[in-house]
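Values below: every heavy atom of this structure, side chains too, minus hydrogens, waters and symmetry copies. Residue numbers count from 1 along this sequence.
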Amino acid sequence: PTPSSKSLSPKSLPAIALAKEGLNPLVIIPFLFTFYILHFTLGLWRSDLFYSQGLKQSKKGQYYEAYQNFYQAIKIAPNEPVFLNEISASAASLAYNLNQNDASTAAELTQLAIDYSDRARKISPANLNILKTRVKVFYTLSAIKPDYLTEAVAALKEAMKLAPTDPKLVYNLGLLYGKQLQTQLAVETVEKAVEMKPNYIDARNALSIFYEDLGQKEKAFDQLQILLKLSPENKTEFDKRTKTLNP
């Protein structure tokens with residue numbers, strides 16, 4: 001018997017139409033599955049395209065354009081931590097750039113940057129790159145509000161747990177301590193980075209500056225002598241600084 005029009009739901013109409021044409025509704029299932037797979041694949045391709053464009057623009061300092069593309073990417077894939085990670089960095093850079101002329105918008109972008117970073121970390125807590133970007137995000141935002149340096153330090157310490165033998169992370173932690181005016185702690189931390197990598201030019205250079213700030217001219221002088229051997233191409237700069245120390 002033919003069902004009455006009152007018993008038909010919108011979902012049943014396509015199947016009814018096929019039945020009237022003499023087709024088995026089950027035949028359509030593989031086609032629907034194929035359509036779903038194609039639609040899903042196309043969505044992934046589009047999100048990757050937006051993401052790639054955003055990366056290129058971000059590297060050029062085009063943070064507004066990058067943000068727009070990253071936003072389109074997360075509309076398609078809202079739980080992709082890599083996309084959330086990048087849009088948090090773009091939002092932080094935009095907040096920094098707008099802070100002087102549009103504090104209200106900068107405040108909104110600041111919160112968005114933090115929220116996106118939080119989401120990325122929650123989804124992928126053991127992703128080292130996400131933690132490194134989180135450090136960058138809070139360091140950028142600290143130019144607006146210095147208190148954010150504390151969050152940058154916390155994120156960097158998390159990263160160090162995942163990569164305890166990476167001297168660059170230790171060095172960057174020392175620099176953050178320096179930004180917080182904790183010079184002695186900065187020195188002790190950068191010294192550890194130098195112990196881990198004796199030919200670390202940037203770390204030794206920072207160490208010489210910190211020593212000088214603490215009035216430890218002999219130690220600063222010693223670091224500059226080592227730097228002259230490690231980086232002879234910068235001899236002029238190091239010689240100039242050496243002369244001002246007179247240990």
Side-chain angles (χ1 to χ4, degrees), residues 47-48 50-63 65-67 69-71 73-74 77-97 109-180 182 185-186 188-197 199-207 210:
S47 65
D48 284 341
F50 284 125
Y51 171 70
S52 297
Q53 290 175 337
L55 280 182
K56 292 177 183 177
Q57 291 161 336
S58 182
K59 289 177 181 178
K60 294 178 182 178
Q62 300 171 345
Y63 300 118
E65 293 80 1
Y67 182 91
N69 276 303
F70 291 140
Y71 182 76
I74 62 173
N79 295 315
E80 174 50 62
V82 175
F83 298 169
L84 293 167
N85 191 48
E86 291 299 334
I87 197 171
S88 70
S90 291
S93 296
L94 278 175
Y96 170 77
N97 289 342
L109 286 165
T110 294
Q111 191 57 54
L112 282 171
I114 295 171
D115 290 345
Y116 284 131
S117 181
D118 286 346
R119 286 170 58 187
R121 185 179 61 162
K122 185 176 181 180
I123 294 170
S124 189
N127 188 312
L128 183 59
N129 286 332
I130 286 176
L131 287 172
K132 286 180 178 180
T133 300
R134 187 173 175 82
V135 174
K136 177 183 176 182
V137 165
F138 281 109
Y139 180 76
T140 300
L141 295 177
S142 71
I144 301 173
K145 184 180 179 182
D147 289 350
Y148 285 129
L149 276 176
T150 302
E151 295 293 339
V153 168
L156 193 45
K157 287 182 176 179
E158 285 187 53
M160 288 169 62
K161 291 178 183 178
L162 297 177
T165 60
D166 187 345
K168 187 173 183 179
L169 295 179
V170 179
Y171 162 65
N172 284 330
L173 180 60
L175 294 185
L176 289 181
Y177 285 143
K179 282 286 184 179
Q180 291 180 317
Q182 301 182 66
L185 186 54
E188 294 170 3
T189 305
V190 178
E191 283 177 340
K192 291 178 183 177
V194 170
E195 289 175 8
M196 296 169 73
K197 185 180 179 182
N199 64 343
Y200 200 160
I201 294 173
D202 288 341
R204 285 192 179 276
N205 190 40
L207 201 52
F210 286 140

Practice task
Measure the spacing between CD of Glu151 and CD1 of Ile114 and express it to the nearest 0.5 Å.
Solution key: 7.5 Å
Handout entry: Validation row: Leu141, Lys145 side chains within 4.5 angstrom (heavy atoms)
Key = no
Practice task
Please round to the nearest 0.5 Å and tell me the distance separating atom OG1 of Thr150 and atom CZ of Phe138.
Solution key: 10.5 Å
Exercise for the section: Working to the nearest 0.5 Å, report the span between NZ of Lys157 and NZ of Lys161. Expected result: 9.0 Å
Practice task
Would you name the heavy atoms of Ala193 and Tyr200 that are closest together and state the gap between them?
Solution key: O-CD1, 4.3 Å
Exercise for the section: Return yes if some donor-acceptor pair links the side-chain N/O of Ser58 with the main-chain N/O of Gly54 below 3.5 Å, else return no. Expected result: no
Practice task
Give a yes or no on whether the backbone of Lys136 and the side-chain of Thr140 come within a donor-acceptor separation of less than 3.5 Å.
Solution key: yes
Exercise for the section: Check the surroundings of atom OH in Tyr96: do more than 12 heavy atoms from other residues, nucleotides or ligands lie under 6.0 Å from it? Expected result: no
Handout entry: Lys132 side chain reached by Leu169 side chain, heavy atoms, under 4.5 Å
Key = yes
Fill in the blank from the handout: dist Lys197:NZ -> Thr165:OG1 (nearest 0.5 Å) comes out at 12.0 Å
Problem - Any Glu158 side-chain heavy atom under 4.5 Å of Arg121 side chain - result: yes
Handout entry: Those residues that, when tested against Arg134, pass side chain to side chain donor-acceptor pair (under 3.5 Å) (two or more places apart)
Key = Ser117, Asp118
Practice task
Flag the pair Leu149 / Tyr177 as yes when at least one side-chain heavy-atom distance between them is below 4.5 Å, and no otherwise.
Solution key: no
Handout entry: Heavy-atom closest pair, residues Pro125 and Leu162
Key = O-CD1, 4.4 Å
Handout entry: Nearest heavy atoms of Ala120 and Leu84, plus distance in Å
Key = CB-CB, 3.9 Å
Practice task
Step through the shown structure and confirm whether more than 12 heavy atoms of other residues, nucleotides or ligands are within 6.0 Å of OH on Tyr139.
Solution key: no
Handout entry: Flag side-chain contact, heavy atom, 4.5 Å: Tyr116 against Ile74
Key = yes
Exercise for the section: Verify, without hydrogens or angle tests, whether Ser88 (side chain) and Asn85 (backbone) share a donor-acceptor contact under 3.5 angstrom. Expected result: yes
Completion exercise
Correct closest heavy-atom pair for Asp48 and Phe83 would be OD1-CZ, 3.7 Å
Practice task
Please round to the nearest 0.5 Å and tell me the distance separating atom OG of Ser90 and atom CG of Leu112.
Solution key: 12.0 Å
Practice task
Measure across Ile123 and Asn79 and return the closest heavy-atom pair with its distance rounded to 0.1 Å.
Solution key: CD1-O, 3.6 Å
Exercise for the section: Please examine the side chains of Leu55 and Phe70, heavy atoms only from C-beta on, and report whether any two atoms are closer than 4.5 Å. Expected result: yes
Completion exercise
Heavy-atom closest pair (Ala113 atom, Val137 atom, distance to 0.1 Å) is CB-CG1, 4.2 Å
Problem - Short side-chain to backbone donor-acceptor contact, Asn172 and Lys168, under 3.5 Å - result: yes
Practice task
For residues Asn127 and Pro81, determine if any side-chain heavy atom of one lies less than 4.5 Å from a side-chain heavy atom of the other.
Solution key: no
Completion exercise
Separation between CG (Asp202) and OH (Tyr171), nearest 0.5 Å, reads 4.5 Å
